[in-house]
Amino acid sequence: MSESTTREERYDHGREMLDTIDGTAGANVLAALGDVAPELAHQIVAWGFGEIYSRPGLEPRDRQLVTLGMLTALGGCEPQLEVHVNASLNVGLTPQQIIETLLHSAAYCGFPKALNATFTAKKVFAERGLLPLT
């Protein structure tokens, strides 16, 4: 996006990317923010997805791998991790690749955070009928 892009154009571009990646989960987050922090919702879409997520250089699946690792390392981000596990599946990561990513994170951020992330992923997999993993 260029500096001359309007606020509305940035939002529209970001919303297109958000809908492609997160589907209804992204829309649910925006709706939940609508009556309390509409500007935060706008910035998530316009900046997070319109400016950052849509940049060239990394494919959406690779961005999701980074996001899974970061949210796991931060800890306490299980609601956002749930959205991004769904998004990871939406962009072509397999459940096995997601679990491998979370296992790998244990070496860097510890077992408790990796366990919390894995149980969040398990919840998403169950909701999507993907359990048991083989």
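All residue numbers refer to positions in the sequence shown, counting from 1. The shown structure was predicted, so the numbers you read here are calculated from the model rather than taken from an experiment.
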| note | Residues Thr101 and Leu65: closest non-hydrogen pair is OG1-CD2, 3.1 Å
| note | The reported gap from CG in Leu115 to CG in Leu103 (rounded to nearest 0.5 angstrom) is 10.5 Å
| request: Give a yes or no answer on whether the side chain of Glu51 reaches the backbone of Gly48 with a donor-acceptor pair at less than 3.5 Å. | output: no
| message | Using the side chain to side chain contact (heavy atoms under 4.5 Å, CB included) definition, which of the options Val83, Leu40, Val45 pairs with Val29? | response | Val83
| said: Just verifying a value: how many Å separate Leu30 CG and Leu18 CG, rounded to the nearest 0.5 Å? | reply: 5.5 Å
| Say you draw a straight line from CD1 of Ile98 to CG of Leu102; how long is it, rounded to the nearest 0.5 Å? | 7.5 Å
| In chain order, what residues pass the side chain to side chain donor-acceptor pair (under 3.5 Å) check against Asp19, with sequence neighbours excluded? | Arg15
| query | Got a sec, which residues hit side chain to side chain donor-acceptor pair (under 3.5 Å) with Thr20, two or more places apart in sequence or on another chain? | reply | none
| Just wondering, do Leu130 and Val124 contact through their side chains at under 4.5 Å, heavy atoms? | no
| query | Does Glu8 CD have over 12 foreign heavy atoms under 6.0 Å away? | reply | no
| message | For the CG atom of Asp22 and the CZ atom of Phe49, what is their distance to the nearest 0.5 Å? | response | 4.5 Å
| query | Looking at Ala32 and Val36, what are the two nearest heavy atoms and their distance? | reply | O-CG1, 4.0 Å
| field | 4.5 Å side-chain heavy-atom contact, Pro95 and Leu89 | value | yes
| field | Glu39 and Gln43, any side-chain heavy atoms less than 4.5 Å apart | value | yes
| task | Could you list all the salt bridge (Lys or Arg N to Asp or Glu O under 4.0 Å) pairs where at least one residue sits in residues 97-119, not counting sequence neighbours? | result | none
| query | side chain to side chain donor-acceptor pair (under 3.5 Å): which pairs involve residues 57-86, sequence neighbours left out? | reply | Tyr53-Gln64, Gln64-His84, Gln64-Ser88, Glu82-Lys123, Asn86-Arg128
| task | Evaluate the side-chain proximity of Leu93 to Val85: yes if any heavy-atom separation is below 4.5 Å, no if none is. | result | no
| field | Heavy-atom closest contact (Gly50 atom, His13 atom, distance) | value | O-CD2, 3.2 Å
| If you round to the nearest 0.5 Å, how far is CE of Met70 from SG of Cys109? | 10.5 Å
| request: Would you confirm whether Asn90, through its side chain, and Ile21, through its main-chain N or O, come within 3.5 Å as a donor-acceptor pair? | output: yes
| task | Please collect all ring pair (Phe, Tyr, Trp, His ring centres under 6.0 Å) contacts where either partner lies in residues 106-134, sequence neighbours excluded, each pair once. | result | His104-Tyr108
| Residues clustering with Trp47 (ILVMFWY side chains joined when closer than 4.5 Å, directly or via others) | Ile52
| Atom CG of Leu33 and atom CD1 of Ile44: how far apart are they, to the nearest 0.5 Å? | 5.5 Å
| query | Which heavy atom of Cys77 sits nearest a heavy atom of Leu71, and at what distance? | reply | CB-CD2, 3.8 Å
